[in-house]
Amino acid sequence: KNQVEQSPQSLIILEGKNCTLQCNYTVSPFSNLRWYKQDTGRGPVSLTIMTFSENTKSNGRYTATLDADTKQSSLHITASQLSDSASYICVVSPGSGNTGKLIFGQGTTLQVKP
Amino acid sequence: GAGVSQTPSNKVTEKGKYVELRCDPISGHTALYWYRQSLGQGPEFLIYFQGTGAADDSGLPNDRFFAVRPEGSVSTLKIQRTERGDSAVYLCASSPAGNSYEQYFGPGTRLTVT
């Protein structure tokens, strides 16, 4: 049973447009929720990390939101660039403390076209 | 400084053979993690080391998989009697002592079992 579900599975947008990616999770309790960007053939790179008490965090053109009550998160990308083409993965760290274990969603593949 | 490195970048082996995958974490990082990523999926947790010891090996799929970190730095993931279903990208990540928040990923090793 997948504890972290992402939508859409894939998305194509034009350069300069905004988009929002969704994440629903059932992991409980959880320590923090992260969004990673993974370029093809590379390892994931962290974009944002939020604890359960935070409801928004920004990193440049990336803004993540978290609603711990509904167990939903979103990643909003503003003024998309061609280099934003990648897979975006929602990740939940379960439990409390330093377990180290992360639970990954299946990712949303974003393609930005000129 | 250097990031997490993994060798080899690609490994092709025949069914039934033994393989070793190596991970060099960021210098000074005491926590090390192994994940497996199948095509089109998010990474799946395998094992987490804190220093030399495996703090959580609950993600190892069966006893054909084993990982070591004898000196608390470099780690080797070992797979015995490989099966075609083991084909995936194996990702390694490291994080500073006592900090599960930020995990830094290597580029991965793509394993293909023929």
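Quick note: numbers below take in every heavy atom, side chains included, and nothing from hydrogens, waters or symmetry partners. As the structure is a computational prediction, the values presented were derived from the model and not from experiment. Chain A is the first sequence line, chain B the second, and so forth, proteins listed ahead of strands; every chain is numbered from 1.
Under a hydrophobic-cluster definition in which Ile, Leu, Val, Met, Phe, Trp and Tyr are linked whenever side-chain heavy atoms come within less than 4.5 Å, directly or via other members, Leu46(B) and Leu91(B) are assigned to different clusters. When hydrophobic clusters are built by joining Ile, Leu, Val, Met, Phe, Trp and Tyr residues whose side-chain heavy atoms come closer than 4.5 Å, directly or via intermediates, Leu21(B) is grouped together with Ile47(B). Note: the hydrophobic cluster containing Ile103(A) also contains Leu33(A) (ILVMFWY, side chain heavy atoms under 4.5 Å, direct or indirect links). Cluster annotation: Tyr90(B) is not connected to Tyr104(B) through the hydrophobic network of ILVMFWY side chains, with a link wherever side-chain heavy atoms come within less than 4.5 Å. A single hydrophobic cluster is seen to contain both Val27(A) and Met50(A), as judged by linkage of ILVMFWY side chains at heavy-atom distances under 4.5 Å, directly or through other members.
Atom OH in Tyr35(B) sits 3.5 Å away from atom CG in Leu102(A) (nearest 0.5 Å).
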Side-chain donor-acceptor pairs of residues 8-19 of chain B under 3.5 Å, sequence neighbours excluded:
from, atom 1, to, atom 2, distance (Å)
Tyr18(B), OH, Glu20(B), OE2, 2.6

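In this structure, chain A has a heavy atom under 4.5 Å from the side chain of Gln37(B), while its backbone stays farther away. Within the 4.5 angstrom heavy-atom criterion, no atom of Gln9(A) approaches chain B.
More than 12 heavy-atom neighbours from other residues, nucleotides or ligands sit within 6.0 angstrom of CZ on Phe65(B). By the 6.0 Å contact criterion, CG on Leu39(B) is open, its count of non-hydrogen atoms from other residues, nucleotides or ligands being 12 or less.
Listed by sequence position, Phe105(B), Gly106(B), Pro107(B) are the residues of residues 105-114 of chain B in contact with chain A, using a 4.5 angstrom heavy-atom cutoff.
In terms of non-hydrogen atom pairs under 4.5 Å with chain B, the most contact-rich of Pro44(A), Gly41(A), Gly107(A), Ser87(A) is Pro44(A).
No side-chain heavy atom of Gln103(B) sits under 4.5 Å from any side-chain heavy atom of Val91(A).
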